[in-house]
Amino acid sequence: MSVVASSPSSSSQSTACAVDQGAGAGGGQPSGGIRRRGLMLVLSSPSGAGKTTISRSMLERDDNIAMSVSVTTRPPRPGEEDGRDYHFIGVETYKRMVDRQELLEHARVFDNFYGTPKGPVMDSLAGGRDVLFDIDWQGTQQLAANARQDLVSIFILPPSVDELERRLRGRAQDSDEVVRKRMAKAADEMSHWPEYDYVVVNNDVEQSIASVTAILHAERLKRTRQVGLAEFVNGMRGAEAE
Ligand SMILES: Nc1ncnc2c1ncn2[C@@H]1O[C@H](COP(=O)(O)OP(=O)(O)OP(=O)(O)O)[C@@H](O)[C@H]1O
Ligand SMILES: Nc1nc2c(ncn2[C@@H]2O[C@H](COP(=O)(O)O)[C@@H](O)[C@H]2O)c(=O)[nH]1
């Protein structure tokens, strides 16, 4: 797969990058003995709707999906670990990564910069592993413009605005000012739901995890992703003819 990233919208900056799944594009891991290409599963939502909670659970339950760890210029929250939750970097490093086209997508979100390092995503896809992204709508638009066939996007909605605020405050990791800023942007963020392939209302967390898992399993079975099907069927037909 060859992909060229184009210009993101509004507050984000543009990057031009070539994305190639390499050997994995036609390869990938066997699924029931049939080779499959990896997919990029994106979760977006207004801040606090539950993307991180759902992602963590998906990673624990499925060995065949890897998390894309973003870079960010935001300071770590209590309990966040560099390299696990984010790569925490300074603005200079971020700008250098953008200039060197080391990010698959990047955007300014709230008051900070975020981006997806290209290398680990490409390595996972080339190895036939799916990749899970927790990114905003700007990043999703950039991936959609450049790798549509490998992208599966899910928008997570909260059950209500009041509940969204309760979750943001209940997480107790952001200042009152940060929570207010994020709540002020929530309506705008939520307006992007029609751009996504699927929408899940995260009321009951176990139900939401089940929904996201069902989407992932169905998308893995798409004919176009099972690149070893012709070989598999031809093998059976050949055996029958002998
Ligand atoms: N279905 C749910 N019911 C109740 N609480 C939930 C549910 N899902 C997530 N939460 C809680 O809501 C808070 C915010 O969740 P989480 O951090 O996963 O959101 P997020 O979408 O990743 O936010 P951000 O975009 O700011 O990173 C957490 O305290 C989490 O435990
Ligand atoms: N476009 C991108 N958006 C990203 C990336 N990593 C995270 N995010 C989004 O930022 C907000 C805020 O995250 P927080 O951890 O500070 O609460 C949230 O919507 C994330 O989805 C990225 O690499 N690119």
Would you say [X]'s side chain and [Y]'s backbone share a donor-acceptor pair under 3.5 angstrom?
X    : Y    : answer
R171 : R166 : no
D123 : A126 : no
Q226 : L221 : yes

Quiz prompt | Audit row: R108, Y114, side chain to side chain contact (heavy atoms under 4.5 Å, CB included) steps and yes/no | solution = CA-CA 6 Å; R108 183 181 177 136; Y114 296 80; over 6 Å; no

Exercise. Give the intermediate values and the outcome of side chain to side chain contact (heavy atoms under 4.5 Å, CB included) for residues L39 and R220.
Key: CA-CA 8 Å; L39 59 81; R220 282 175 173 166; 4.2 Å; yes

Between [X] and [Y], which heavy-atom pair has the shortest distance, and what is it?
X    : Y    : answer
D150 : G38  : OD1-O, 4.0 Å
Q173 : P78  : NE2-O, 2.9 Å
S160 : E163 : OG-N, 3.0 Å

[X] vs [Y] side-chain heavy atoms within contact, under 4.5 Å:
X    : Y    : result
I89  : M97  : yes
P158 : M190 : yes
L41  : V212 : yes
I65  : R129 : no
H87  : T93  : no
L103 : K118 : no
L143 : V42  : yes
L157 : N202 : no

Return the [atom1] to [atom2] distance between [X] and [Y], rounded to the nearest 0.5 Å.
X    : Y    : atom1 : atom2 : value
N112 : T72  : CG    : OG1   : 5.0 Å
T140 : D197 : OG1   : CG    : 10.0 Å
D134 : S55  : CG    : OG    : 5.0 Å
M67  : S124 : CE    : OG    : 11.5 Å
S211 : L216 : OG    : CG    : 12.5 Å
I209 : I54  : CD1   : CD1   : 6.5 Å

Quiz prompt | Which residues share a side-chain contact (heavy atoms from CB on, under 4.5 Å) with S68, sequence neighbours left out | solution =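 In terms of side-chain contact (heavy atoms from CB on, under 4.5 Å), with neighbours along the sequence ignored, S68 is linked to T116, V121, V131, F133.
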
Are [X] and [Y] close enough for a salt bridge, meaning some N to O gap below 4.0 Å?
X    : Y    : answer
R77  : E80  : yes
R36  : D130 : yes
R96  : E92  : no
D176 : R169 : yes

Quiz item: Parallel, tilted or perpendicular: which fits the ring planes of Y94 and H106, with parallel below 30° and perpendicular above 60°?
Solution: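 It falls in the perpendicular class, over 60°.
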
Self-check item: CZ/R237: more than 12 non-hydrogen atoms of other groups inside 6.0 Å
Solution: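 It does not: R237 CZ has 12 such atoms or fewer within range.
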
Practice problem: Decide yes or no on side-chain hydrogen bond (donor to acceptor under 3.5 Å, both in side chains) for Y198 and E219, but give the supporting numbers first. | Solution: CA-CA 11 Å; Y198 300 90; E219 289 285 345; 2.6 Å; yes

Self-check item: Candidates R182, R167, K181, K185 - the one meeting side-chain hydrogen bond (donor to acceptor under 3.5 Å, both in side chains) with S47
Solution: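 Output: one option passes, namely R182.
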
Quiz item: Out of E189, K51, H192, which one pairs with S45 under the side-chain hydrogen bond (donor to acceptor under 3.5 Å, both in side chains) rule?
Solution: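 Passing option: K51.
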
Practice problem: Apply the test side-chain hydrogen bond (donor to acceptor under 3.5 Å, both in side chains) to residues Y196 and S44: give CA-CA distance (whole Å), side-chain angles for both, the deciding distance (0.1 Å), then the verdict. | Solution: CA-CA 9 Å; Y196 284 72; S44 297; 2.8 Å; yes

Quiz item: Does V69 belong to the same Ile/Leu/Val/Met/Phe/Trp/Tyr cluster as L125, with side-chain heavy atoms less than 4.5 Å apart forming each link?
Solution: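 Each belongs to a different hydrophobic cluster.
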
Quiz prompt | Common cluster, L168/V178, ILVMFWY with side-chain heavy-atom separation under 4.5 Å | solution =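 Looking at the clustering, V178 is in a separate group from L168.
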
Self-check item: Test side-chain hydrogen bond (donor to acceptor under 3.5 Å, both in side chains) applied to T52 and R56, step by step
Solution: CA-CA 6 Å; T52 309; R56 285 197 178 144; over 6 Å; no

Quiz item: Please walk me through it: do S208 and N203 pass side chain to side chain contact (heavy atoms under 4.5 Å, CB included)?
Solution: CA-CA 7 Å; S208 301; N203 191 9; over 6 Å; no

Quiz item: L132 and M58: side chain to side chain contact (heavy atoms under 4.5 Å, CB included), yes or no, with the steps?
Solution: CA-CA 9 Å; L132 183 59; M58 300 286 297; 4.1 Å; yes

